[in-house]
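The structure appears right after this line, and notes come after that.
These figures come from a predicted structure and were not determined experimentally. All values below come from the heavy atoms of this structure, side chains included, with hydrogens, waters and symmetry mates left out.
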Amino acid sequence: MKEFSMRPGMQTLAGTFYPTGHAVVMFPQEQQARQAAEDLMAEGFSDDDVELLRPDVMLREVLASTPDEADGLPSVGTEAATARTFGDLARQGHYGLLVAVNDAKAAERLMTVARRLHFSAAQRYRHLVIEELS
C-alpha cells in the first residue's frame with residue numbers, strides 16, 4: 001500500500017476530486033484501514049491498487065479542491081457533496097483507502113473486505129456516475 005497523492009486525471013475540469021476507476025472507502029480508525037489494505041492484497045489487489053488516505057491529506061488535497069457551497073455556483077453532479085462527506089469524516093479522524101476497481105467484481109471484492117471491518121462510507125467513481133457502495 002502506498003500513501004495517496006493527487007495525480008492528473010483525478011479531478012473534474014472544475015477541480016473537484018473524481019478518481020474515475022477507483023473507489024474510496026472510509027473507516028473510523030487507522031487500524032481498520034490498514035487491515036483492509038492487507039486483506040485486499042490477500043484478495044488479489046496489488047500494492048499499486050491501494051492507497052492510504054490520511055485525514056489531513058483528505059482535507060488538504062481532496063476537500064481543498066472542492067468548490068465551497070457558499071460560492072453560489074450550482075453543482076451539476078454529486079461529486080462536490082461526496083467530497084464534502086469525506087471531508088466531514090476526515091475531520092472526525094476517519095482514514096480512507098483509494099482502491100483501483102475496474103469492474104463490478106473488483107468492487108464486490110473490495111466491499112466484502114470493507115463490510116467485515118465496519119466501513120463508514122464507500123463510493124465508486126465510474127465514468128459520469130458515483131455509485132454508493134454498501
Side-chain angles (χ1 to χ4, degrees):
M1 172 178 62
K2 57 188 174 182
E3 296 281 327
F4 171 82
S5 65
M6 189 74 79
R7 297 180 297 283
M10 288 189 152
Q11 295 172 295
T12 65
L13 291 176
T16 303
F17 182 66
Y18 198 102
T20 303
H22 292 80
V24 174
V25 182
M26 300 292 288
F27 296 92
Q29 298 175 352
E30 179 181 8
Q31 184 52 40
Q32 290 167 296
R34 290 188 179 280
Q35 184 63 56
E38 286 181 30
D39 293 354
L40 288 170
M41 286 182 243
E43 291 288 328
F45 287 86
S46 76
D47 233 13
D48 289 334
D49 292 335
V50 182
E51 299 178 52
L52 181 67
L53 266 161
R54 297 177 179 280
D56 62 315
V57 172
M58 176 67 78
L59 294 170
R60 184 178 63 245
E61 294 193 35
V62 173
L63 189 61
S65 71
T66 303
D68 188 3
E69 288 179 317
D71 66 9
L73 298 174
S75 177
V76 177
T78 62
E79 61 273 3
T82 300
R84 283 192 285 278
T85 296
F86 291 146
D88 291 344
L89 291 169
R91 281 188 198 92
Q92 296 170 36
H94 292 232
Y95 279 72
L97 294 178
L98 177 75
V99 182
V101 290
N102 298 324
D103 56 34
K105 286 184 180 183
E108 184 52 39
R109 286 188 358 241
L110 164 62
M111 291 313 297
T112 297
V113 168
R115 284 183 208 104
R116 283 195 310 254
L117 294 164
H118 309 289
F119 71 99
S120 50
Q123 302 284 339
R124 177 181 172 200
Y125 291 83
R126 298 175 11 205
H127 185 67
L128 301 177
V129 176
I130 300 176
E131 174 185 358
E132 185 171 344
L133 300 173
S134 57

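- Residues L59 and R91 form a side-chain contact, since some pair of their non-hydrogen atoms from C-beta on lies under 4.5 Å apart.
- Listed by chain and number, the residues in a side-chain contact (heavy atoms from CB on, under 4.5 Å) with R115 are E108, M111, T112, F119 (sequence neighbours excluded).
- At least one donor-acceptor pair closer than 3.5 Å links the side chain of Y18 to the backbone N or O of R126.
- Scored by the ring pair (Phe, Tyr, Trp, His ring centres under 6.0 Å) test, F45 finds no partners at all (sequence neighbours excluded).
- Remark: R54 pairs with E3, E30 by the salt bridge (charged side-chain N to carboxylate O under 4.0 Å, His left out) rule, at least two apart or across chains.
- Here S120 pairs with H94 under the side chain to side chain donor-acceptor pair (under 3.5 Å) rule; sequence neighbours left out.
- Between Q35 and R116 the shortest side-chain heavy-atom distance does not fall below 4.5 Å.
- Take F17 and apply the ring pair (Phe, Tyr, Trp, His ring centres under 6.0 Å) test, not counting sequence neighbours, and it matches Y125.
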Sequence neighbours left out, cut at 3.5 Å: what donor-acceptor pairs do the side chains of residues 97-105 make with other protein atoms?
residue : atom : partner : partner atom : Å
D103    : OD1  : K105    : N            : 3.2
D103    : OD1  : A106    : N            : 2.8

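- Residues meeting the side chain to side chain donor-acceptor pair (under 3.5 Å) test with S46, sequence neighbours left out: D49.
- Taking each heavy atom of L52 and A33 in turn, the nearest pair found is CD1-CB, 4.1 Å.
- For residues 4-22, the salt bridge (charged side-chain N to carboxylate O under 4.0 Å, His left out) pairs, not counting sequence neighbours, are R7-E51.
- Side chains of F86 and Q123 form a contact here, defined as non-hydrogen atoms less than 4.5 Å apart.
- V62 has its side chain out of reach of V24: every pair of non-hydrogen atoms, C-beta onward, lies at least 4.5 Å apart.
- When atom types are taken as modelled, the side chain of E79 and the backbone of T16 share no donor-acceptor pair closer than 3.5 angstrom.
- With sequence neighbours excluded, the residues forming a salt bridge (charged side-chain N to carboxylate O under 4.0 Å, His left out) with D56 are R60, listed by chain and number.
- The backbone N or O of E43 lies less than 3.5 Å from a partner atom in the side chain of R109, making a donor-acceptor pair.
- Across all their heavy atoms, A90 and P55 have their closest contact at O-CB, 3.4 Å.
- By the 4.5 Å heavy-atom criterion applied to side chains, L63 and M58 are not counted as neighbours.
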